[in-house]
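By convention here, the first residue in the shown sequence is residue 1.
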Amino acid sequence: MKRVVKFWIACSLATVVLALSGCLPHRLDTSTAKDGMMDGDGAELSDALDVNDLEEAADSDAIPTFFDLMDDADRSFDRDEPVKEDGNSNDTSQEDVPSDAGDLSYPLPKSEISNGPPKIGNSAKVTFEFQCIGSGCESFSCQLDEAPWTNCTSPTQFDGVKDGVHTFRVVAKRGELVETPENEYSFKVDTRLPSTIFLSTPMQETTQLTAEFLFSCDEIACTFSCNLDFGDWFDCTSPLILPVPAGEHTLRVKSLDVAGNSEIGSADFSWATRTWLTVSTGGQQTCAISDNGRAWCWGDNFNDLLGVGPMNEVYNPAPVISDNATGIWSDIQVGGFHICGLNATSAYCWGQEGAGQLGLGPESGPRSSPAQLSLPATWKRLSTSIQHSCGIDGNDMLYCWGSNSNGELGVNDKEPRDTPTPVTGGPGDGKWTSVSVGWSSACAISATTKSLWCWGANGNGQLGLDDNDERLTPTKVDDQSWSRVDVGNGYACAIRADAVLHCWGANSNGQLGVDDKQPRSVPTAVAGNAKKWEAISTGATHTCGIDSDQGLWCWGNNDSGRAGLGSDPSDRILPTKIATPARWIMIDAGLASTCGISEDGALWCWGLNTYGVLGIGDTKPVSTPTRVRFGGE
C-alpha cells in the first residue's frame with residue numbers, strides 16, 4: 001500500500017518559519033521574489049514576502065513552530081514509507097488513503113467482549129455481548145469455531161451448540177479497517193448428565209454400627225448430595241462415614257458436575273445393620289439369631305450339620321438355609337452334633353441323628369437343613385444336649401426325645417425315643433415354664449408353682465436331691481420358687497425367685513462358685529460380691545452369669561480363656577467380673593467356649609476356637625470377649 005506524508009503549509013507574514021526545513025518545498029530564491037513566490041512546481045505563492053521580512057519574522061518569539069500549527073491528524077506519518085528527496089510524500093491525494101490497518105493516521109477499531117456463557121456450561125444456547133472501545137467502530141464480524149465470518153451485532157446468540165470446547169471470535173470494523181488480532185472467548189458446553197458410582201459399600205447385612213462409603217461420578221469432577229433413610233439432603237464428600245443404629249438403611253447419592261448438570265434420580269444402596277437376639281454354643285458349633293429373625297451358624301460343618309450348605313469349617317456367621325421354615329426364628333439351641341430351633345410356632349431340628357435326638361422318627365438319618373418335628377403342633381421352648389432334646393409345647397406340656405441311657409428323658413424308663421414323647425410325672429397339672437437339658441440329666445420349672453424338678457443321671461449330685469441316685473421321672477428339688485435353671489456337665493445352677501443364685505453338683509474346677517472345689521448335692525448359694533442375678537449359663541467346667549446391673553461374671557475353668565478372664569488359665573472358685581463390655585443381656589457357656597450379647601446387641605465370643613466355633617474368622621483361641629462379625633467385615 002502507498003504511504004504518504006502530508007504537509008499543510010500555512011504561511012503568512014506572522015507565521016513564516018524559515019528555520020524549519022520542509023515548511024517550504026524549496027529554498028527561497030531571492031532573485032525571483034520581486035514579483036511573487038513560486039512553489040516547488042513553479043506555481044506562484046500569494047502573499048510573497050521579501051526575504052528581509054522573512055528573516056525578521058524568523059527571529060520573532062511570537063511566531064509558532066510548524067508542529068504547533070498541525071492538528072492531531074495532520075501530525076501522523078508513516079516511518080516505514082520512503083519520502084522523496086524533495087521532502088514530499090509519494091502521494092498527497094486524500095482520496096487515495098488506503099484502509100490498511102497499519103496506517104497510524106487512522107487507528108484500528110477495537111472491540112471488547114463484555115459478556116459470554118460460563119467457561120463450562122450446560123446450555124446448547126450461548127449468547128455473547130460485545131462493544132466498541134472508543135468511537136472508531138462502524139460494524140462487527142463474528143465467528144464460532146471455524147465457521148465463516150458473518151456480520152453481527154451485540155448481543156449475538158448461537159443455538160444448538162454441541163458438547164465440547166468452542167471459541168468465539170469478534171472483530172470491529174471501520175470502513176475497510178479491520179481489528180487485528182481477533183478478540184477471542186473460549187468455553188465448553190457439557191449437557192451430559194453425570195452418574196454416581198459406588199466404589200465401596202458396607203456389606204448388605206453387617207454388624208457394624210458405622211457405615212463407610214466410597215463413591216465417585218463418571219466425569220472428571222463432581223460435587224455430591226446425600227440422603228440417609230429418606231431424610232433431608234445434605235452436602236457430602238467421599239469417603240463418607242455414617243453412624244447408624246441397628247435396622248434397615250438406605251443411602252442415596254446424587255452428583256452435580258462442574259457444568260451444572262444434576263444427576264436424574266440418585267444412586268441408592270440399601271443395607272441392614274444387624275444386632276443379635278440370642279446365641280447358643282455347644283462343643284464345636286455355635287448358632288445365633290439376628291434381629292430380623294434370621295438364623296446363623298458357624299464352626300464344624302461335618303456332614304453339613306450346620307444347615308448352611310456344603311462347607312467344611314465355617315469361621316464366620318453363615319445364614320441357615322431354611323427353605324422349609326417360612327417364618328422367623330425366635331430360638332435356637334446347639335447340642336453335641338445337632339441343632340434345634342423355633343420358627344414361628346413350629347420346631348425344627350437338623351444335624352446328626354445317632355440316638356434319635358432330631359425327633360424325626362425311625363431311620364430318619366442326618367439332616368443338612370432344618371426339618372420340622374411332626375408333633376406337637378406348636379412349641380414354646382426347646383433345649384438340646386449331647387444326644388437328647390426336650391421342649392415345651394403351646395399347651396405348656398413337656399416332651400423329650402433321643403438318648404435315654406440314664407433316664408434323662410423323664411419317661412420312666414431308659415429306652416431312647418426318636419419322636420417327642422411326653423414326660424411322665426412332675427407337677428400335678430403337668431404344665432412347665434422352662435426346661436434345660438445337660439449331658440445326661442435335665443431340670444425344669446413348674447409353670448404354676450415355680451417349683452424346680454430334676455431327673456436323669458445323678459452321680460455328682462447334679463439333681464440337687466442330696467443323693468447320687470438316678471431319677472427316671474421329674475423329682476421335686478425343694479419347696480422354693482425358682483425363675484431360671486441351666487444344666488451343664490454333671491452340675492446345675494438356678495436362680496431363685498429372690499434373685500439369689502444357687503449351684504450344685506460337680507465342682508472340680510470351682511464351677512459352682514462357692515469358694516472351694518468341693519461338690520454339692522443340694523442347691524448352694526454362689527459366693528462373691530454379686531447378690532442379685534438375672535441370667536445363668538453352665539458349660540462343661542465353667543459358669544457365667546449376669547447380675548441385676550447387667551454386669552457379666554464368670555468362674556471355674558479358664559483354660560484357653562473359656563471363662564473370658566484373660567490368658568491366666570487358673571481356675572476361679574468365685575465369680576469374677578468381666579470388665580468389657582460393661583452391660584450384657586444374654587450369655588451362653590459351651591464345652592470350652594462362651595458367647596454373649598451386650599446391651600447394644602453386639603455378639604461376643606471367647607475361649608477355645610476349634611473349627612472356628614467363636615465365629616471370629618479364624619481358629620485362634622481368645623481369652624477375652626471378642627466381637628463376632630459377618631464374613632468380610
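With hydrogens and angles disregarded, a donor-acceptor distance shorter than 3.5 Å links the side chain of Arg627 to the backbone of Thr207. At least one donor-acceptor pair closer than 3.5 Å links the side chain of Asn609 to the backbone N or O of Asp618. Side-chain atoms of Gln208 never come within 3.5 Å of backbone atoms of Pro202 as a donor-acceptor pair (strictly under, hydrogens ignored). In this structure, Asn343 contributes its side chain and Gly327 its backbone to a donor-acceptor pair below 3.5 Å. With hydrogens and angles disregarded, no donor-acceptor distance shorter than 3.5 Å links the side chain of Ser139 to the backbone of Cys137. Trp298 places a side-chain N or O within 3.5 Å of a backbone atom of Val613 that can act as its donor or acceptor partner. At distances below 3.5 Å, not a single donor-acceptor pair connects side-chain atoms of Gln143 with backbone N or O atoms of Trp149. In this structure a side-chain-to-backbone donor-acceptor pair under 3.5 Å is present from Glu138 to Gly175. Looking at Asn122, its side chain never comes within 3.5 Å of a backbone N or O of Thr191 through a donor-acceptor pair. A donor-acceptor contact shorter than 3.5 Å links the side chain of Arg174 to the backbone of Gly136.
With no hydrogens or angles considered, no side-chain donor-acceptor pair links Thr281 and Asp588 at under 3.5 Å. Side chains of Thr127 and Gln157: a donor on one and an acceptor on the other come within 3.5 Å. Between Ser141 and Lys173, the side chains place a donor N or O and an acceptor N or O closer than 3.5 Å (distance only, hydrogens not considered).
Between Ile332 atom CD1 and Ile289 atom CD1 the span is 5.5 Å, to the nearest 0.5 Å. Rounding to the nearest 0.5 Å gives a distance of 8.5 Å between CG of Asp159 and OG of Ser123. Note that CD1 of Ile616 and CG of Leu603 are 11.0 Å apart. Values are rounded to the nearest 0.5 Å. To the nearest 0.5 Å, the span separating OH on Tyr185 from NE2 on His166 amounts to 13.0 Å. Note that CD of Gln550 and CH2 of Trp584 are 11.5 Å apart. Values are rounded to the nearest 0.5 Å. Here the straight-line distance linking atom CD of Glu179 with atom CG of Leu108 works out to 8.0 Å at 0.5 Å rounding.
Residues Pro317 and Val628 have side chains in contact (heavy-atom distance under 4.5 Å, counting atoms from C-beta outward). Looking at heavy atoms from C-beta onward, Phe269 lies out of side-chain contact with Phe215 at the 4.5 angstrom threshold. Side-chain contact between Glu212 and Pro239 is present, with heavy atoms from C-beta onward closer than 4.5 Å. Looking at Arg294 and Arg274, their side chains never come closer than 4.5 Å, going by heavy atoms from C-beta outward. Two residues are said to be in side-chain contact when any heavy atoms from C-beta on lie closer than 4.5 Å; Trp329 and Thr278 fail this criterion. Counting heavy atoms from C-beta outward, Asp190 and Asp257 have side chains that approach closer than 4.5 Å. The closest side-chain heavy-atom distance from Leu614 to Thr286 is not below 4.5 Å. Contact annotation: the side chain of Lys254 approaches that of Ser262 to within less than 4.5 Å [non-hydrogen atoms, C-beta and beyond].
Summarising the geometry of Ala246 relative to Thr275, their closest heavy-atom pair is CB-CG2, 3.3 Å, with the distance given to 0.1 Å. Nearest heavy atoms, Val320 versus Trp350: CG1-CZ2, 4.2 Å. The two residues Ser154 and Phe128 make their nearest non-hydrogen contact at OG-O, 4.3 Å. Listed here is the closest heavy atom pair of Ile587 and Gly596: CD1-CA, 4.0 Å. The heavy-atom pair separating Ser330 from Ala344 by the smallest distance is OG-O, 4.3 Å. In terms of heavy-atom proximity, Trp276 sits nearest to Ala602 at CD1-C, 4.2 Å.
Ring geometry, His249 versus Trp271: the interplanar angle falls from 30° to 60°, so the pair is classed tilted.
The stretch residues 597-633 participates, sequence neighbours left out, in these disulfide (SG to SG under 2.5 Å) pairs: Cys595-Cys605.
Taking a 6.0 Å sphere around CG of Leu199, one finds it holds more than 12 heavy atoms contributed by other residues, nucleotides or ligands. For Lys125, the NZ atom counts as loosely surrounded, since its 6.0 Å shell holds 12 or fewer non-hydrogen atoms of other residues, nucleotides or ligands.
Side-chain rings of Phe213 and Phe224 stay apart, their centers remaining 6.0 Å or farther from each other.
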**OP:** Let me see the working for Asn301 and Val308 under side chain to side chain contact (heavy atoms under 4.5 Å, CB included), right down to the final yes or no.
**Re:** CA-CA 8 Å; Asn301 195 32; Val308 298; 4.2 Å; yes
**OP:** Check the pair Phe130, Asn183 against side chain to side chain contact (heavy atoms under 4.5 Å, CB included), reporting the backbone distance first and the verdict last.
**Re:** CA-CA 10 Å; Phe130 43 87; Asn183 201 349; over 6 Å; no
**OP:** Please step through side chain to side chain contact (heavy atoms under 4.5 Å, CB included) for the pair Ser369 and Tyr348, ending with a clear verdict.
**Re:** CA-CA 9 Å; Ser369 62; Tyr348 292 78; over 6 Å; no
**OP:** For side chain to side chain contact (heavy atoms under 4.5 Å, CB included), just list the numbers for Tyr611 and Gln285, CA-CA rounded to whole Å, side-chain angles, deciding distance to a tenth of an Å, and then say yes or no.
**Re:** CA-CA 8 Å; Tyr611 303 106; Gln285 297 84 28; over 6 Å; no
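Checking each of Asp268, Leu240, Val244 against Leu251 for a side-chain contact (heavy atoms from CB on, under 4.5 Å) leaves exactly one that passes, namely Leu240.
Using a cut-off of 4.0 Å between Lys/Arg side-chain N and Asp/Glu carboxylate O, Arg169 and Glu182 are scored as not salt-bridged.
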